[in-house]
Protein chains: 2
Amino acid sequence: MFNSKVMMTNLRERRRLRTTDTIHCTAIDLIYKYGLDDVTTEMISKNAGISPRTFFNYFPYKEAALLPPESELSLEAVEKFVNGTAPLLDDLVDLIIPFAEPYGKDPIMLRKLFEISETHPKLLALKVNAFHDFDKKLAMILALRTKDSEQRSDMMAALISTAMRVAMARWVEGDSGRISEYILQSFQELRTAFND
Amino acid sequence: MFNSKVMMTNLRERRRLRTTDTIHCTAIDLIYKYGLDDVTTEMISKNAGISPRTFFNYFPYKEAALLPPESELSLEAVEKFVNGTAPLLDDLVDLIIPFAEPYGKDPIMLRKLFEISETHPKLLALKVNAFHDFDKKLAMILALRTKDSEQRSDMMAALISTAMRVAMARWVEGDSGRISEYILQSFQELRTAFND
DNA sequence: TGCAAACTTTGCAGTATGTGCAATGTTTAA
DNA sequence: TTAAACATTGCACATACTGCAAAGTTTGCA
């Protein structure tokens with residue numbers, strides 16, 4: 001019921017979240033302005049009001065500070081999807097839209113991030129990695145629902161995740177609309193892509 | 001007619017290729033044995049018989065030495081594909097199989113590489129990046145052939161490249177067969193994936 | 001409230017990656 | 001044979017990142 005990441009009573013965790021967010025935003029801003037190579041961890045730390053050593057208590061490497069906080073698939077949504085009976089892609093939409101919406105909440109930050117990652121392979125890689133993790137989860141969930149072979153689930157998951165990636169890229173490039181519309185559109189294309 | 005990477009008359013280039021390959025193989029072997037973090041560029045250099053400084057003349061960063069040399073789409077094949085009239089996926093097979101075959105030539109090396117990259121996110125990212133470059137080229141080529149919108153070409157290219165990635169992953173995991181069979185199989189699945 | 005255990009921040013010293021430059025050596029093409 | 005082009009190397013330097021131990025905070029419990 002309660003999102004554990006928001007409802008935090010204790011000071012320690014609230015502080016930790018706040019610091020994480022401060023570093024994250026500081027990093028994005030600086031790197032957007034000056035480029036990845038001209039921004040040092042020292043600079044980020046100074047601007048975020050922490051020591052350089054502390055930076056690495058929060059993020060394992062410089063680039064990690066750029067990634068948006070991960071969104072999670074909710075357990076209920078997963079369960080509903082696994083037992084769903086509507087056409088696969090329809091049920092999938094219900095699973096994935098709520099997952100994707102949080103990324104749409106801070107479009108400015110996300111656009112900056114996408115723009116930065118176009119110019120820097122290391123960052124592009126991170127973005128892609130995030131989708132890869134999603135892939136694996138999705139493959140598991142698909143396997144639960146469809147009882148297909150592992151091979152087939154892997155392929156479907158990879159394709160779906162690709163469609164999402166494309167949808168987000170389009171959403172970031174375009175300058176209007178909700179992220180969910182783009183995902184719907186992508187899934188539609190997925191359905192008809194290779195029916196020639 | 002001649003593959004410019006193989007038919008090299010001059011000493012300079014032959015040496016360069018040989019050194020590149022030596023470093024590449026040395027790096028894979030060492031890292032496969034000891035893990036990415038316990039192998040330094042100094043170690044690789046010493047084993048490859050070059051100075052540490054020279055290592056960075058050949059590869060911009062340590063991990064780059066692990067990637068297999070890039071295969072290129074041949075110009076003729078591209079042209080043939082763009083003007084092709086068979087169903088898209090059939091023509092595509094002819095374009096892509098020759099591109100993929102070189103990777104299949106050194107399966108041991110490639111398997112090591114995949115294995116290493118499973119355990120190490122940085123490397124996984126590099127692998128994925130390689131596919132991303134391929135994506136972009138493919139999208140261009142598709143656009144030339146189909147006269148579809150840029151959007152649609154991007155999506156198709158992303159999906160096709162995903163299918164290839166899955167095919168290669170399967171090929172590496174399995175222990176028999178030619179890489180091209182796996183690609184054919186993947187494309188088949190692509191055709192029927194979302195026809196429910 | 002007060003105190004011990006748990007956790008956080010920081011400084012410091014150290015290792016590794018990666019770059020620019022200039023000296024020295026090798027290959028090329030004429 | 002020679003001058004221009006290119007390759008290798010050593011050295012000095014900046015930055016990324018880690019382990020450790022000292023000092024400061026927060027917590028839960030008596």
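Computation of the quantities below employed the complete heavy-atom set of this structure, encompassing side-chain atoms and omitting hydrogens, waters and symmetry-equivalent molecules. Chain letters run A, B, ... following the sequence lines, proteins first and then strands; every chain starts at 1.
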Nearest whole Å is fine: how far is dT27(D) C1' from Arg14(A) CZ? 13 Å
Pull out every protein N or O sitting under 3.5 Å from an N or O of nucleotides 3-7 of chain C, one pair per line with the distance.
| from | atom 1 | to | atom 2 | distance (Å) |
| --- | --- | --- | --- | --- |
| dC7(C) | O4' | Arg12(A) | NH2 | 3.4 |

Note: Ser71(B) and Pro102(B) closest approach over all heavy atoms is OG-CG, 3.7 Å
Is Lys62(A) reaching over with its side chain to a backbone N or O of Leu36(A), donor-acceptor style, under 3.5 angstrom? yes
Whole-Å gap separating C1' (dA7(D)) and CZ (Phe59(B)): 16 Å
Identify, with sequence neighbours excluded, every residue that meets side chain to side chain donor-acceptor pair (under 3.5 Å) alongside Asp29(B). Lys112(B)
Tell me, which of residues 39-58 of chain A have any heavy atom that sits under 4.0 Å from an atom in DNA chain C? Ile50(A), Ser51(A), Arg53(A), Thr54(A), Asn57(A), Tyr58(A)
Please report the distance, rounded to the nearest Å, between CG in Asp37(B) and C1' in dT18(D). 11 Å
How would DNA chain C look in dot-bracket form, 5' to 3', counting Watson-Crick and G-U wobble pairs with both distances under 3.5 Å and writing | for bases paired to another strand? ||||||||||||||||||||||||||||||
I'd like to know if Asp91(B) and Arg145(B) make a salt bridge, using a cut-off of under 4.0 Å between side-chain N and carboxylate O. yes
In terms of hydrophobic clusters joined by side-chain contacts under 4.5 Å, are Tyr61(B) and Ile116(B) together? yes
Is the backbone of Met43(B) close enough, under 3.5 Å, to the side chain of Asn47(B) for a donor and an acceptor to pair up by distance? yes
When you look at Thr41(B) and Phe59(B), which way does the side-chain contact (heavy atoms from CB on, under 4.5 Å) test go after all the steps? CA-CA 11 Å; Thr41(B) 54; Phe59(B) 297 98; over 6 Å; no
Verify the distance criterion only: is there a donor paired with an acceptor across the side chains of Glu181(A) and Gln185(A) at less than 3.5 Å? no
Residues Leu142(A) and Ala157(A): closest non-hydrogen pair is CD1-N, 3.6 Å
Spacing between Lys62(B) atom NZ and dA16(C) atom C1', to the nearest angstrom: 8 Å
Value in whole Å for how far the C1' atom of dA5(D) lies from CD of Glu13(B): 13 Å
Check the distance between dA16(D)'s P and Tyr61(B)'s OH and give it to me in whole angstrom. 17 Å
Using the ring-ring contact (aromatic ring centres under 6.0 Å, His included) rule, collect all pairs that involve residues 129-148 of chain B, keeping only residues at least two apart or in two chains. Phe99(B)-Phe134(B)
Hey, are Arg191(A) and Asp90(A) close enough for a salt bridge, meaning a charged N less than 4.0 Å from a carboxylate O? yes
Whole-Å distance, Asp38(B) CG to dA16(C) C1', equals 12 Å
Answer yes or no on whether Arg111(B) is positioned over the face of Trp171(B), meaning its NZ or CZ is under 6.0 Å from the six-membered ring centre and within 45° of the axis. yes
Below 4.0 angstrom, which residues in residues 21-29 of chain A have at least one non-hydrogen atom near DNA chain D? none
All heavy atoms of Gln151(A) vs all of Arg170(B), minimum pair found to be O-NH2, 3.1 Å
